[in-house]
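Proteins come first, then strands; the chains are lettered A, B, ... in the order of their sequence lines, and each starts at number 1.
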There are 2 protein chains.
Amino acid sequence: MAFMISQRAFIKLYLITMVEKHQEYGYQMLESMKGEFKSYGYVPPQSEVYRALHELVQEGILYRTKKLKGSDPRVDFQEIVLYHFTDGGADKAKLYKEQIKADLDRCLGILHKAEQDNY
Amino acid sequence: MAFMISQRAFIKLYLITMVEKHQEYGYQMLESMKGEFKSYGYVPPQSEVYRALHELVQEGILYRTKKLKGSDPRVDFQEIVLYHFTDGGADKAKLYKEQIKADLDRCLGILHKAEQDNY
DNA sequence: TAATGAACAATATGTTCATGG
DNA sequence: CCATGAACATATTGTTCATTA
């Protein structure tokens with residue numbers, strides 16, 4: 001067992017939740033996380049977010065589609081990558097989240113213990 | 001700012017506290033931590049404990065002395081390395097602990113937020 | 001076995017660069 | 001600037017080996 005939860009796993013957890021909420025593409029998820037954690041001095045790096053998305057695809061939880069962002073293709077040709085749950089992906093995701101929950105609890109326990117033991 | 005506290009920093013925190021308690025040599029500290037965290041499924045690796053001790057020496061917080069473990073040198077020749085605070089080391093250690101405290105709080109906040117946001 | 005240390009291998013992460021619209 | 005991705009460099013770990021008594 002590792003010491004703390006990895007950043008990768010932590011980000012995947014948020015990505016899954018964001019896909020559940022149909023907040024569907026990478027840049028959006030990245031900016032969303034940046035905003036959420038700004039006050040904690042934690043800036044999730046772009047590379048990790050994309051790597052995490054790729055991993056979730058590798059693991060068969062998500063699949064990708066592409067579309068043009070704007071409604072009018074004459075104005076906005078920006079192609080974005082959307083992520084959705086595969087068949088069975090939602091279940092896998094649920095299982096994954098359960099495992100992460102246990103790990104988060106474990107980490108919270110360890111950190112809390114450290115505060116008790118050392119201060 | 002990093003995502004989570006590093007294992008290295010976490011171990012150093014415990015080492016400092018153990019030196020404060022005159023639990024003074026490496027192997028002893030290692031075994032102590034192993035015992036403390038057994039129920040968390042976390043096994044602090046030997047290499048990290050020694051590396052952390054070496055770093056604390058490099059940073060001028062601790063210094064080393066050696067002695068034979070047993071009281072009777074005819075029976076027990078095992079040489080052990082004892083760690084003590086240098087002049088000013090205790091103050092540096094106190095400062096270090098304050099910084100780690102802030103980081104522990106920050107990590108607890110992040111993990112707690114993750115549980116609220118995703119479950 | 002207790003005790004310390006170093007070497008080596010694998011991962012995880014951070015930073016920078018590249019691309020296109 | 002938005003959006004995605006890859007490359008590169010470094011830091012952090014985990015595992016194994018070496019040594020002494």
Using atom [atom1] of [X] as one end and atom [atom2] of [N] as the other, report the distance to the nearest whole Å.
| X | N | atom1 | atom2 | answer |
| --- | --- | --- | --- | --- |
| B:K67 | C:dT4 | NZ | P | 12 Å |
| B:Q46 | C:dT1 | CD | C1' | 14 Å |
| B:Q28 | C:dA2 | CD | C1' | 12 Å |
| A:Y25 | C:dG21 | OH | P | 17 Å |
| A:E31 | D:dC2 | CD | P | 7 Å |
| A:E79 | D:dG5 | CD | P | 10 Å |
| A:M29 | D:dT4 | CE | C1' | 12 Å |
| A:H54 | D:dT4 | NE2 | P | 9 Å |

Do A:K113 and B:Y40 meet the cation-pi criteria used here (NZ or CZ under 6.0 Å from the six-membered ring centre, within 45° of the axis)? no

When you check the phosphate oxygens OP1 and OP2 of D:dT4, does a side-chain N or O of A:Y27 lie under 4.0 Å from one of them? no

Between B:Y50 and C:dT4, does any side-chain N or O lie under 4.0 Å from OP1 or OP2? yes

Are any protein N/O atoms closer than 3.5 Å to N/O atoms in nucleotides 12-14 of chain D? If there are, list each pair with its distance.
residue, atom, partner, partner atom, Å
D:dT13, OP1, B:Q7, N, 2.4
D:dG14, OP2, B:Q7, NE2, 2.9
D:dG14, N7, B:R51, NH2, 3.4
D:dG14, O6, B:R51, NH1, 3.2
D:dG14, O6, B:R51, NH2, 3.4

Salt bridge present between [X] and [Y] (N-O < 4.0 angstrom):
| X | Y | result |
| --- | --- | --- |
| B:R8 | B:E48 | yes |
| B:E98 | B:K101 | no |
| B:K94 | B:D91 | no |
| B:K12 | B:E55 | yes |

What's the separation between atom CD1 in B:I100 and atom OH in A:Y119, rounded to the nearest 0.5 Å? 6.0 Å

